[in-house]
2 protein chains.
Amino acid sequence: MAKSKQELIDIAVGSSEKREQILQGAMQVFLSQGYANTSMDRVAAAARVSKQTIYSHFQDKEGLFTAIIERVTIHRIQRELGSTELRGDPPILLRQLAEAFLNKLANPEYLSLFRVVIAESVRFPELAQLYTRTVIQKGRGLLSDYFQSHPELNIADPEATAHIFLGSLVSFVIAQEVLYGKQIMPIEQERLIDALILLILGGYGVHTSRSG
Amino acid sequence: MAKSKQELIDIAVGSSEKREQILQGAMQVFLSQGYANTSMDRVAAAARVSKQTIYSHFQDKEGLFTAIIERVTIHRIQRELGSTELRGDPPILLRQLAEAFLNKLANPEYLSLFRVVIAESVRFPELAQLYTRTVIQKGRGLLSDYFQSHPELNIADPEATAHIFLGSLVSFVIAQEVLYGKQIMPIEQERLIDALILLILGGYGVHTSRSG
DNA sequence: GTCTATAAGCCGATAGAC
DNA sequence: GTCTATCGGCTTATAGAC
């Protein structure tokens, strides 16, 4: 029987309904269980496909894992990051940005991806670098450009300052959510954001004579 | 035969030469390979002991892993952290502290511990919390106390500021070393430290009229 | 293409000799 | 206490029926 146009496209780009089904199921298991602790049997069960079907779409376990992490990193995260617009009054924008960033990071799916990428950074260094390029480098670049386009903020090193801003938030989420500090350390996110904005903007909006 | 005094002490505290040998070998394998990817056979080979000897000293794989992480976290790291004295002129002290902290963190053994704790934070949440208490909370407390004892620095929230200082450095190491950003992102550590100290101390030592 | 069944090997944990 | 040898189960990956 002749193939439909969609089927031909699917084959050309390597996609298909089954392949998508496998990716969805495997993503769920890999992200929650990690690489070594995920069996192909479990992936097959989660995707509601037989094991052989998986092996007909992906070379092996490593290939499947790589495909999933690339997919999640590039498509899902990159998309949300790209839609962020950095405009507006600095104190308001930075606060909104910090809150949005923290809420995104605290999402279980982001936490899982972060955990897995860190955990498998030795076995899959190319995935770690992909994460660095698409998530970290991109985010830092956006914020750095914003700082650079606002010379009135008097920021000596926009790139380093962007790292400090985002890095503080990342490590906050690691300590609070990934390492369960939430249950033993009563630091609230608003205090961190307040202190961070005060540091970066200094007296901006309150005093304008910071540099002298 | 009667037991020597040392042997009685060993039994009382659960230590022995063989036990120590096992811990050393297991530490090496667990920290470099992760939990799931470490087999008891490999631990036995690394410790140059038979498997049964391991099982006579530890209940199971989880027990051995827990013992190792607790040991490394509490003894090694805590010891070095405890010996840190925070005294001196703020600009100099903060720079020295940042450099010492970054050098420590970049040490392969610290990176491995961090990686493993993050990777197994779901399976072993109590180890993650131990790490939080002994490493993160302790370090933050020390720096926070220092800020608090120097009111001339004009730091509104010492605890949050301590988090920002240490968190920026931690996430820098994660991006550079754990996620191999070093090879693709040319940000140097001195730039980060400069920016960080400038933010926190503001015009301290250059201008003293920061607050208006 | 997708299934069931199974190969081939490694895993954690234990039994038994000494 | 420590060794060698081994068990049952689970792993990745493949063969063969349909």
Side-chain angles (χ1 to χ4, degrees), chain A residues 1-4 6-26 29-30 32-68 119-120 123-124, chain B residues 1-4 6-30 32-69 116 119-120 123-124:
Chain A
M1 207 227 258
K3 287 180 167 56
S4 73
Q6 184 56 50
E7 281 172 325
L8 288 172
I9 294 172
D10 285 348
I11 291 164
V13 295
S15 73
S16 73
E17 219 168 89
K18 282 285 176 195
R19 188 189 164 91
E20 183 59 34
Q21 198 175 329
I22 294 168
L23 283 170
Q24 285 298 327
V29 184
F30 272 121
S32 66
Q33 304 295 322
Y35 180 79
N37 209 34
T38 293
S39 74
M40 295 297 266
D41 277 307
R42 200 156 173 186
V43 171
R48 298 209 264 187
V49 192
S50 79
K51 263 202 287 187
Q52 182 57 42
T53 303
I54 299 176
Y55 280 101
S56 72
H57 284 273
F58 301 91
Q59 205 193 352
D60 52 17
K61 192 182 175 183
E62 291 199 4
L64 176 58
F65 180 70
T66 300
I68 285 164
E120 299 303 331
R123 202 201 298 243
F124 300 95
Chain B
M1 202 221 264
K3 287 180 167 56
S4 73
Q6 183 57 50
E7 281 173 325
L8 287 172
I9 294 173
D10 284 349
I11 292 165
V13 295
S15 75
S16 74
E17 220 169 88
K18 281 286 177 196
R19 189 189 164 91
E20 183 59 34
Q21 198 174 328
I22 294 168
L23 284 170
Q24 285 299 327
M27 179 169 57
Q28 204 183 348
V29 185
F30 271 122
S32 66
Q33 304 295 320
Y35 180 79
N37 209 33
T38 293
S39 73
M40 294 299 266
D41 277 306
R42 199 158 174 184
V43 170
R48 297 209 265 187
V49 192
S50 79
K51 264 201 291 186
Q52 183 56 40
T53 303
I54 300 176
Y55 280 103
S56 72
H57 284 272
F58 300 91
Q59 204 193 353
D60 53 15
K61 191 182 176 184
E62 291 199 3
L64 177 58
F65 180 71
T66 300
I68 286 164
I69 300 299
V116 171
E120 298 303 331
R123 201 200 299 242
F124 299 94

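Here the structure is a predicted model, which is why all the values come from computation and not from measurement. Order of the sequence lines sets the chain letters (A, B, ...), proteins ahead of strands, with each chain counted from 1.
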**OP:** Report which part of the nucleic acid A:Asp41 touches: base, sugar-phosphate, or nothing (heavy-atom distance under 4.0 Å, all strands).
**Re:** base
**OP:** Provide, to the nearest angstrom, the distance between the CD1 atom belonging to A:Ile54 and the P atom belonging to D:dA13.
**Re:** 11 Å
Subject >> Within 6.0 Å of CD in B:Gln21, more than 12 heavy atoms from elsewhere >> reply: yes
**OP:** Measure across B:Ala67 and B:Phe58 and return the closest heavy-atom pair with its distance rounded to 0.1 Å.
**Re:** CB-CE2, 3.9 Å
**OP:** May I ask you to say what A:Thr53 touches in the nucleic acid, namely base, sugar-phosphate or nothing, with a heavy-atom cut-off under 4.0 Å?
**Re:** sugar-phosphate
Subject >> Interatomic distance where NZ belongs to A:Lys61 and P belongs to D:dT14 [whole Å] >> reply: 15 Å
Original post:
How close or far is atom P of C:dA13 from atom CG of B:Leu64, stated in whole angstroms?
Top reply: 10 Å
Original post:
Looking across every strand, which nucleic acid part, if any, lies under 4.0 Å from A:Ser56 by heavy atom: base, sugar-phosphate, or nothing?
Top reply: nothing
Original post:
Please give, in whole Å, the distance from C:dG12 P to B:Asn37 CG?
Top reply: 10 Å
**OP:** Mind calculating the distance between CZ (A:Arg42) and P (D:dT11) to the nearest angstrom?
**Re:** 9 Å
Original post:
Of all the choices, C:dT2, D:dA13, D:dT2, which nucleotide is nearest to the side chain of B:Ser50 once you look at every atom?
Top reply: D:dT2
Original post:
Between C:dG12, D:dC3, C:dT2, which one does the side chain of B:Gln52 approach most closely?
Top reply: D:dC3
Original post:
So, is A:His57 close to the C:dT2 phosphate, meaning a side-chain N or O under 4.0 Å from OP1 or OP2?
Top reply: yes
Subject >> d(CD1, A:Ile22; P, D:dA13) in whole Å >> reply: 14 Å
**OP:** Round to a whole Å and report the spacing from OH of B:Tyr55 to P of C:dC11.
**Re:** 11 Å
Original post:
Just by distance, with hydrogens left out, do A:Glu20 and A:Gln24 show a side-chain donor and acceptor under 3.5 Å apart?
Top reply: yes
**OP:** Mind calculating the distance between CE (B:Met40) and P (C:dG12) to the nearest angstrom?
**Re:** 7 Å
Subject >> Lys NZ or Arg CZ of B:Lys61 over B:Phe30 ring: under 6.0 Å, within 45° >> reply: no
Original post:
What are the two closest non-hydrogen atoms of B:Leu64 and B:Met40, and how far apart are they?
Top reply: CD2-CE, 4.3 Å
Original post:
Looking across every strand, which nucleic acid part, if any, lies under 4.0 Å from A:Lys51 by heavy atom: base, sugar-phosphate, or nothing?
Top reply: base
